[in-house]
Amino acid sequence: MFAITAVTEDSRRKPEGNRLIIAIDGPSGAGKSTLAKRLAKDLGFIYLDTGAMYRALALKVLRQAVDLADDNRLGRVVDETEIDLRHSGGNLQVLLDGENVTEKIRTPEVSQMASKVSALKIVRAHMLLLQRAMGQRGSVVAEGRDIGTVIFPQADVKIYLDASPRCQELNAAGRRVELAETLREIEERDKRDSERDIAPLCKAEDALLVDSSSTDAEQVATLVLNQVKNKAREK
Ligand code: DC
């Protein structure tokens, strides 16, 4: 079973008490992780890297050579898989069935498979429950493709971080472990993630559009921090 704890209808209601949710969506390599990590650190919020969760499942699918067209097999794998995100010494650890796969999920092969499995209904349905359950652990900064539109439509602050392809390439190259992911691979993934039927990558109507190729990362962080402060005052 996916490690789902205390999943109730509550997860669709407004965050309770003083809990705040920041949703950051956008294509690959726009700088979502850098921004999300920075905000989580400054605010003391939980960092929810939803892409890492799809990547962990993708790693298992690759290891077990699961045929994505085989719904029964995929369903069993999804049911039997435990994915968790742990925070240790300021770093995020991704656990797949208890194994630390933090580094292993950052290969181009896993990137592509994550994009493929994430288009499947059975996978998204499970991830939705799991991610909402994680959102109940406290105030969160969640990054992904469908956070502001599907996972946390009630988020307090929503950012859609966009970037030019060239900038995406530079960002990707800057990440040591994903060094080999080419611009073509990034474009292929973004196309698939944007054109799928379920929860495609798109900007939530009420999300603030930020172009990270023309806006300084520090400026974006300051802008979001100010929005969060205003929201916290309102609560
Ligand atoms: O953010 P990332 O590059 O680690 O995500 C890997 C893949 O996972 C991405 O190509 C699409 C998928 N994904 C998704 O469909 N929905 C999310 N909320 C996060 C990631």
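On a predicted model such as this, the values are computed, not experimentally measured, just so you know. Both ligands and their constituent atoms are indexed starting at 1 by order of listing.
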Identify, by atom number and element, the atoms of ligand 1 in contact range of [X], meaning under 4.0 Å from any of its heavy atoms.
| X | value |
| --- | --- |
| D146 | 16 (N), 17 (C), 18 (N) |
| G144 | 17 (C), 18 (N), 19 (C) |
| R189 | 3 (O), 5 (O), 6 (C), 7 (C), 9 (C), 10 (O) |
| R196 | 14 (C), 15 (O), 16 (N) |
| S115 | 10 (O) |

Inset, instruction - Output, in order, the C-alpha distance, side-chain angles, deciding distance and verdict of salt bridge (charged side-chain N to carboxylate O under 4.0 Å, His left out) for K191 and E187. - result: CA-CA 6 Å; K191 186 170 185 310; E187 281 174 346; over 6 Å; no

Nitrogen or oxygen atoms of [X] and ligand 1 under 3.5 Å apart:
| X | value |
| --- | --- |
| D193 | yes |
| K32 | no |
| S118 | yes |
| R145 | yes |

I'd like a table of donor-acceptor pairs (distance under 3.5 Å, sequence neighbours excluded) in which one partner is a side-chain atom from residues 113-121, with atom names and distances.
from	atom 1	to	atom 2	distance (Å)
S115	OG	R192	NH1	2.7
S115	OG	D193	OD1	2.8
S118	OG	A114	O	3.1
S118	OG	S115	O	2.9
S118	OG	R196	NH1	3.1

Inset, instruction - Take every heavy atom of R192, measure it against each atom of ligand 1, and state whether any distance is under 4.0 Å. - result: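 Judged by the 4.0 Å heavy-atom criterion, R192 does not count as contacting ligand 1.
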
Inset, instruction - Examine ligand 1 and decide if any of its atoms is less than 4.0 Å from a heavy atom belonging to R124. - result: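 Contact present.
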
Inset, instruction - Treat each ILVMFWY residue as a node, draw an edge where side-chain heavy atoms are under 4.5 Å apart, and state whether I122 and L62 are in one component. - result: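 Yes, same cluster.
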
Legend entry - Check: A163 main-chain N/O paired with S213 side-chain donor or acceptor under 3.5 Å: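 Checked: no pair found.
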
Inset, instruction - Answer yes when D97 and R63 have at least one side-chain N-carboxylate O distance shorter than 4.0 Å, and no when they do not. - result: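 Answer for the salt bridge query: no.
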
Legend entry - Presence of salt bridge, E185 and R189, under 4.0 angstrom: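 Judged by the 4.0 Å cut-off on N to carboxylate O distance, R189 and E185 do not form a salt bridge.
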
Legend entry - Mode of M53 contact toward ligand 1 - side chain, backbone, both, neither (heavy atoms, under 4.0 Å):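 Under 4.0 Å from ligand 1, M53 contributes no heavy atoms.
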
Inset, instruction - Decide yes or no for R124 and M127: does some side-chain heavy atom of the first lie under 4.5 Å from some side-chain heavy atom of the second? - result: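 No, too far: nothing below the 4.5 Å cut-off.
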
Inset, instruction - Please name all residues satisfying salt bridge (Lys or Arg N to Asp or Glu O under 4.0 Å) with K104, sequence neighbours left out, ordered by chain then number. - result: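 Salt bridge (Lys or Arg N to Asp or Glu O under 4.0 Å) check on K104 returns E99.
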
